[in-house]
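Here the structure comes first, spelled out in structure tokens, and everything after it is commentary.
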Amino acid sequence: MTHDTYAVIGAGPSGLAAARNLQKAGLPWEGYELASGVGGLWDIDGPRSTVYESAHLISSKRTTEFTEFPMRDEVADYPSHRELLTYFRDFAATHSLADGFTFETEVVQARPSGDGGWLVVSEGPGGRQERRHAGVLVANGTLSEPSVPTFAGSFDGEVLHTSAYKSPTVFAGKRVLIIGAGNSGCDIAVDAVHHAASVDLSVRRGYYFVPKYLFGKPADTLNQGKPLPPRIKQAIDSRVLKLFTGDPVRFGFPKPDYKIYESHPVVNSLVLHHLGHGDLAVRPDVRRLAGGNVEFVDGSTRPYDVVVLATGYHLHYPFLDPALLRWQGRGSAPDLYLNIFTQEDPNLFVLGMIEASGIGWQGRYEQAELVAAYLAARTSAPDAARELEARIAGPRPDLSGGYRYLGLERMSYYVNKDAYRSAVRAEIERLR
């Protein structure tokens, strides 16, 4: 049986953006979602949700929301996962998107059919099924496959990754070590101090800590005009941060070996508050695990009951042949034009594989808008579509905005918000 629909894999923010933009372009689609409803990781009860009870946005609602669907004024500046799940359900209901998804269904394989289309194999309540589609839009997210490091030695206590963390009550009366001080690690540390006997943060490098409010307004709503040159913005913002948060080095953090915005900043000043109150302590990198103790690279050893791995996530597309994405696997990112298009197949698209300070869901929405515009242009403006295909096969544009990002796995698909959105919008205009 022939199906001319486009498959959308995932019903989180990027999947909903994909469905909405295909809908707007008049392109038929069918969606697959493992959970029982829309929302992606923001549904804390979802089978692969990695949010925890205290999770809130680290960007403000006005820089994060879909432009066509603003959050209500009464929603907090930094909404909780509960408010965000309501937001996505309302967005889906307003545009009748949920009806297009098959829920509680996992895609286990997606492959070219050999005749220009795609075959999608899924498993759900109806058993294993294979369906043909015109193409596939992959929107299964970037925060579901934990990155779990290995350490010398062994640990007698409990070890958990942040992906398995839900409530701070698990720390009651325990000595806790959190390895990694990114946004999740710091959130969990702030949770833990109210329950644990002690909380330490093990860090490998220094961080820049950004408060959620500056001058009484959400920090990311300031300086929303024409972007400043990187060196000027780095110089100004680092000075402003020192005025508001002080120097984290005085709390025990290493001095950053990079400039601000060359890695994702930590949007959490409460961790500095608790450090200043003695509720937390900073420890160096881990050398080895030693029974009920952890030995650090400075030679010190401390006892712990729980070790939390705040060590991030791997990109995870297990249902695709990595060759289709020109992907060398862990440690790197797929080789995609604008982090969307692969030159290996004109009907395969990846959405949501971007990280950037301030990119918001609108940045993902514009990715989906570009894919829908390209698919429509193959009929309405074939010359423009072919020109985009030529660029997809050509050199990759510089999306750094002039920043020198750290050479880490989690930064391998990092972009500068302004450079990226400008490039995507320019491609949309060329197709119209």
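Just so you know, residue 1 is the first one in the sequence shown, and it goes up from there. Every value quoted in this text rests on a predicted model; they were computed, and no experiment measured them.
- In plain terms, the two heavy atoms of E366 and V424 that are nearest each other are O-CG1, 3.5 Å.
- For the pair D90 and R72, the salt-bridge criterion is met [side-chain N within less than 4.0 Å of a carboxylate O].
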Does N416 form a side-chain contact (heavy atoms from CB on, under 4.5 Å) with Y405? I'd like the steps, not just the answer. CA-CA 10 Å; N416 173 261; Y405 298 128; 3.4 Å; yes
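- Judged purely by atom type and a 3.5 angstrom limit, R239 uses its side chain to pair as donor or acceptor with the backbone of A235.
- When ring centroids are compared, Y87 and W42 stay outside the 6.0 Å threshold.
- Judged by distance alone, the side chain of D220 and the main-chain N or O of S59 form no donor-acceptor pair under 3.5 Å.
- In this structure a side-chain-to-backbone donor-acceptor pair under 3.5 Å is missing from T64 to G360.
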Should T63 and T221 be marked as a side-chain contact (heavy atoms from CB on, under 4.5 Å) after you check the CA-CA gap, both sets of side-chain angles, and the distance that decides it? CA-CA 7 Å; T63 63; T221 63; 4.2 Å; yes
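- E123 and R128 are joined by a salt bridge, as a carboxylate oxygen and a charged side-chain nitrogen come within less than 4.0 angstrom of each other.
- Atom-to-atom distance recorded for L399:CG and S422:OG is 10.5 Å, nearest 0.5 angstrom.
- Y403 places no side-chain N or O within 3.5 Å of a backbone atom of V415 that could act as its donor or acceptor partner.
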Derivation and outcome, salt bridge (charged side-chain N to carboxylate O under 4.0 Å, His left out), residues E344 and R326: CA-CA 8 Å; E344 296 300 317; R326 294 200 165 191; 2.5 Å; yes
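- Under the 4.5 Å side-chain criterion, counting only non-hydrogen atoms from C-beta, T142 is not in contact with Y313.
- The pair E295-R287 meets the salt-bridge criterion, with a side-chain N (NZ, NE, NH1 or NH2) lying under 4.0 Å from an Asp/Glu carboxylate O.
- Taking the six-membered ring for Trp and thresholds of 30 and 60 degrees, W361 and F66 have ring planes inclined between 30 and 60 degrees apart.
- With hydrogens and angles disregarded, no donor-acceptor distance shorter than 3.5 Å links the side chain of Q367 to the backbone of L351.
- Ring centroids of F171 and Y165 are separated by less than 6.0 Å, placing the two rings close together.
- At least one donor-acceptor pair under 3.5 Å links the side chain of Y207 to the backbone N or O of A181.
- Remark: the backbone N or O of I188 is not paired with any side-chain donor or acceptor of Y52 at under 3.5 angstrom.
- Of the inter-residue distances, the one linking L177 atom CG with R283 atom CZ reads 9.0 Å to the nearest 0.5 angstrom.
- For F101 and Y32, the ring centers are positioned 6.0 Å apart or more.
- Put simply, the side chain of F151 does not reach to within 4.5 Å of the side chain of V294, judged on heavy atoms.
- With respect to the salt-bridge test (charged N to carboxylate O, under 4.0 angstrom), the residues D43 and R48 do not qualify.
- Note: F209 and F253 meet the aromatic proximity criterion, with ring centroids under 6.0 Å apart.
- Separating the CZ atom in R421 from the CD1 atom in I354 is a distance of 9.0 Å, to the nearest 0.5 Å.
- Side-chain atoms of S198 do not come within 3.5 Å of backbone N or O of R175 as any donor-acceptor pair.
- Annotation: Y420 is not in aromatic contact with Y414 [ring centroid separation under 6.0 Å not met].
- Side-chain atoms of D237 and Y208 form no donor-acceptor pair, as typed in the model, at a separation below 3.5 Å.
- Remark: the backbone N or O of A35 is paired with a side-chain donor or acceptor of E33 at under 3.5 angstrom.
- Ring geometry, F91 versus H95: the interplanar angle exceeds 60°, so the pair is classed perpendicular (tilted spans 30 to 60°).
- Classification of the Y304-F296 ring pair by plane angle, with boundaries at 30° and 60°, yields perpendicular.
- Atom CD1 of residue I260 and atom CD of residue Q234 lie 8.0 Å apart, to the nearest 0.5 angstrom.
- With salt bridges taken as basic N to acidic carboxylate O contacts below 4.0 Å, none links D321 and R111.
- Using a cut-off of 4.0 Å between Lys/Arg side-chain N and Asp/Glu carboxylate O, K61 and E83 are scored as not salt-bridged.
- Within the 3.5 Å criterion, the main-chain N or O of H316 finds no donor-acceptor partner in the side chain of E145.
- Side-chain contact between L325 and L348: present, with at least one pair of heavy atoms (C-beta onward) separated by less than 4.5 Å.
- No hydrogens or angles considered: nothing links the side chains of N293 and T301 as a donor-acceptor pair under 3.5 Å.
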